[in-house]
Chemist: 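Here you go, one structure.
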Amino acid sequence: MDFSSFEADRAVDASLTSSETQYFTIGDLAREFDVTLRALRFYEDKGLLSPRREGLTRLYTAAERARLAIILKGKKLGFTLAEIKAMVALREGSAMPNGGLALTREKCAEQLALLEQQKVEIDEAIDELRQMVAAFPARVAA
């Protein structure tokens, strides 16, 4: 019987329970980043997060925590999950297809232009609504 894999597993478990390794539960990350547990499980299902499991408990490393911050920033900036996954891979030094950096740069420029256009449209809508509100007569309190 080969015990080498068993010994390797024990060594990994010992290193993971050392005081040097910090883990975060799904609840910890949900509270810190103000996201739902469902969102975190969704990112896991999509392969964006890979927490360690101890029974039913998900344990996230500091690297997973940093990855979540990138995911949420990408989402906030309007990128798709596929684009976010590519950005995460790029940031973590994973192999990217040829042109991966150029694609990410191009997509960033496109997203910037889209957001700037949306900002102009929102500013115009705010101005129009302010004018409409100002045109209504003030109601008399009854």
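Below, each value reflects all heavy atoms present in this structure, side chains not excepted, and no hydrogens, waters or symmetry copies.
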Chemist: How long is the gap from CG on D28 to OG1 on T25, to the nearest 0.5 Å?
Modeler: 3.0 Å
Chemist: Is there a side chain to side chain contact (heavy atoms under 4.5 Å, CB included) between L49 and L29 once you walk through the steps?
Modeler: CA-CA 12 Å; L49 295 174; L29 293 183; 5.8 Å; no
Chemist: Kindly determine whether Y23 and T61 satisfy side chain to side chain contact (heavy atoms under 4.5 Å, CB included), including the steps that lead there.
Modeler: CA-CA 5 Å; Y23 286 97; T61 62; 3.6 Å; yes
Chemist: About how many Å separate OG1 of T80 and NZ of K85, when rounded to the nearest 0.5 Å?
Modeler: 11.5 Å
Chemist: Tell me every residue that passes side chain to side chain contact (heavy atoms under 4.5 Å, CB included) with L37, counting only those two or more places apart in sequence or in another chain.
Modeler: I26, A30, R41
Chemist: Might you point out which heavy atoms bring K46 and L81 nearest each other, and give the distance in Å?
Modeler: CG-CD1, 4.1 Å
Chemist: Find out if a path of hydrophobic residues (ILVMFWY) with successive side-chain heavy-atom gaps under 4.5 Å connects F79 to L114.
Modeler: no
Chemist: For R38, does the CZ atom have more than 12 heavy-atom neighbours from other residues, nucleotides or ligands under 6.0 Å away?
Modeler: no
Chemist: For the side chain of Q111 and the backbone of L77, is there at least one donor-acceptor N/O pair under 3.5 Å apart?
Modeler: yes
Chemist: Would V35 and Y43 count as a side chain to side chain contact (heavy atoms under 4.5 Å, CB included) here? Give the steps.
Modeler: CA-CA 11 Å; V35 295; Y43 295 141; 5.7 Å; no
Chemist: Say you draw a straight line from CG of L48 to CD of E64; how long is it, rounded to the nearest 0.5 Å?
Modeler: 10.0 Å
Chemist: Look at E116 together with K119 and state whether they make a salt bridge at an N to O cut-off of under 4.0 Å.
Modeler: no
Chemist: Regarding R31 and D34, does a basic nitrogen lie under 4.0 Å from an acidic carboxylate oxygen?
Modeler: no
Chemist: Show which residues join L115 in its hydrophobic cluster (side-chain heavy-atom contacts under 4.5 Å, direct or indirect), or state none.
Modeler: none
Chemist: Quick one: salt bridge (Lys or Arg N to Asp or Glu O under 4.0 Å) pairs with a partner in residues 125-136, sequence neighbours left out?
Modeler: none
Chemist: Salt bridge between R53 and E44, side-chain N to carboxylate O under 4.0 Å?
Modeler: yes
Chemist: Nearest 0.5 angstrom please: I122 CD1 to Q117 CD, how far?
Modeler: 10.5 Å
Chemist: Is there a donor-acceptor pair under 3.5 Å between the side chain of D45 and the backbone N or O of F42?
Modeler: no
Chemist: Looking only at side-chain N and O atoms, does E54 offer a donor or acceptor that is under 3.5 Å from a partner on T57?
Modeler: no
